[in-house]
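This report refers to the structure that appears directly beneath it.
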There are 2 protein chains.
Amino acid sequence: MRADARRNYERLLAEAATIFAEHGVEASLEEIARRAGVANGTLYSHFPTRQALLEALLRDRMQALSDKARDLLDHPSADEALLIWARAAMAHTTVYRGLVTSLMRSIEDETSHLHAACQAVLTAGEQLLNRAQAAGGMRADVTASDLYALINSVSWVGEQTSPAQGERLLAFGIDGMRSATDSR
Amino acid sequence: MRADARRNYERLLAEAATIFAEHGVEASLEEIARRAGVANGTLYSHFPTRQALLEALLRDRMQALSDKARDLLDHPSADEALLIWARAAMAHTTVYRGLVTSLMRSIEDETSHLHAACQAVLTAGEQLLNRAQAAGGMRADVTASDLYALINSVSWVGEQTSPAQGERLLAFGIDGMRSATDSR
DNA sequence: ACCTGAACACCGTTCAAGT
DNA sequence: ACCTGAACACCGTTCAAGT
């Protein structure tokens, strides 16, 4: 990669982070290019779609979330580990306004640039879920997709109303996924 | 209201219904005006905002949902009545793609043209919730806002992935709101 | 009293022409 | 190889001028 190309790439990423943080993931791509000091087409040559830009921006963070799930497999309580991770996932999905919608769509859409990363997160969550199920804390019929959808939906609520309302729904949702024999 | 004004109003509503059904609530207002055969500004004079248009379009349906809650107060099972109503509410919030986001936002935003109707729906749900709580089926700490948020969030999931996934999350959510003593 | 349609200030995306 | 910037086809919203 040529030096000027690399510099443009980095500047675009940096401006995108700022502008997405301020205006959400639907912010104007034109403004990102403008603020990065490059022409319109340069943005498109580096990032063919908005999702490609998001993917580059979130790559490390999503990897970290997957890693965190692996680490939590060593946590003494399988149930608690799952809850801790779910909250971390919530925090991740709300870094930019509107991001949660992209993440939810991308899990089903294989053509999305975010699909692989979302799939990795789902699989990471699945490990924690399976462990909690084996320990008897969670219903056997709960799927990784259920968990993924729950986390994203409560993040969406948190975004639309208040983070506290999102937290409440997460608690109800997880409780509803617990085994009947589990003490509450 | 002048006869031509009335006719334009009706045509705009009819076209909006068609186009929202096809493209979701973020569809082009310009296209609605175009298809209704009126000028751009005419749409704005009748409906100052997109939400005002939505409100006129949904008024009857939202009233019917509130009425349905009242009727269900006579249902023999308080728990079952709540679940039946929640499913009806889900169906309502998904008539147009993207509508659920407007409905969720409008409950907190008093300036929204949809606010009053959303508030009425929330209150209607509250009656059913309170009855289920009095009967001992639902936790006492569940609020009408929790119920409203749950319904909208699972509708959102249904829209982003599949209706079946939305249904599953509704079941988990409601279960999580049940009293611990409730048989499962 | 209501309607028209141009005007303004924005978009996303593409692609020939440059360096 | 990469970048530029004009071109195209769209938007939402406002408002003077008409009838």
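Chain letters run A, B, ... following the sequence lines, proteins first, then strands; residues in each count from 1.
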So side chain to side chain donor-acceptor pair (under 3.5 Å) across residues 53-73 of chain A, not counting sequence neighbours, yields A:Glu55-A:Arg59, A:Gln63-A:Asp67, A:Asp67-A:Arg70

#### Entry: B:Met62 vs B:Cys118 side-chain heavy atoms within contact, under 4.5 Å
yes

In the 5' to 3' direction, the nucleotides of DNA chain C bounding the stretch that comes under 4.0 Å of a heavy atom in chain B are C:dA1 to C:dG5

Open item on the list: Counting C-beta onward and ignoring hydrogens, is there a side-chain heavy-atom pair between B:Arg131 and B:Leu73 closer than 4.5 Å?
Closed with: yes

Note: for B:Arg6 and B:Glu30 on DNA chain C, the residue whose nearest nucleotide lies more 5' is B:Arg6

Open item on the list: Give me the distance, rounded to whole Å, that separates C:dA9 from D:dA9 when you measure between the P atoms they each carry.
Closed with: 22 Å

Identify all side-chain donor-acceptor contacts of residues 36-44 of chain B below 3.5 Å with residues at least two apart in sequence or on another chain.
none

Is the closest side-chain heavy-atom distance between B:Met104 and B:Ser106 below 4.5 Å?
-> no

Base-pair string, DNA chain D, Watson-Crick plus G-U, cut-off 3.5 Å on both distances, | for inter-strand, is ||.|||||...|||||.||

Using a heavy-atom cut-off of 4.0 Å across all strands, would you classify A:Ser28 as base, sugar-phosphate, or nothing?
sugar-phosphate

Enumerate donor-acceptor pairs with a distance under 3.5 Å from any side-chain N or O in residues 17-30 of chain B to protein atoms, sequence neighbours excluded.
residue	atom	partner	partner atom	Å
B:Thr18	OG1	B:Ala14	O	3.1
B:Ser28	OG	B:Glu30	N	3.2
B:Ser28	OG	B:Glu31	N	3.0

The answer to which of B:Gly41 and B:Arg50 contacts DNA chain D further toward the 5' end, by nearest nucleotide, is B:Arg50

The side chain to side chain contact (heavy atoms under 4.5 Å, CB included) partner of A:Val100 among A:Val154, A:Ile151, A:Asn152, A:Val157 is A:Asn152

Note: for A:Ala27 and B:Thr42 on DNA chain C, the residue whose nearest nucleotide lies more 5' is B:Thr42

Applied to residues 140-152 of chain B, the salt bridge (Lys or Arg N to Asp or Glu O under 4.0 Å) test, sequence neighbours excluded, yields A:Arg168-B:Asp146

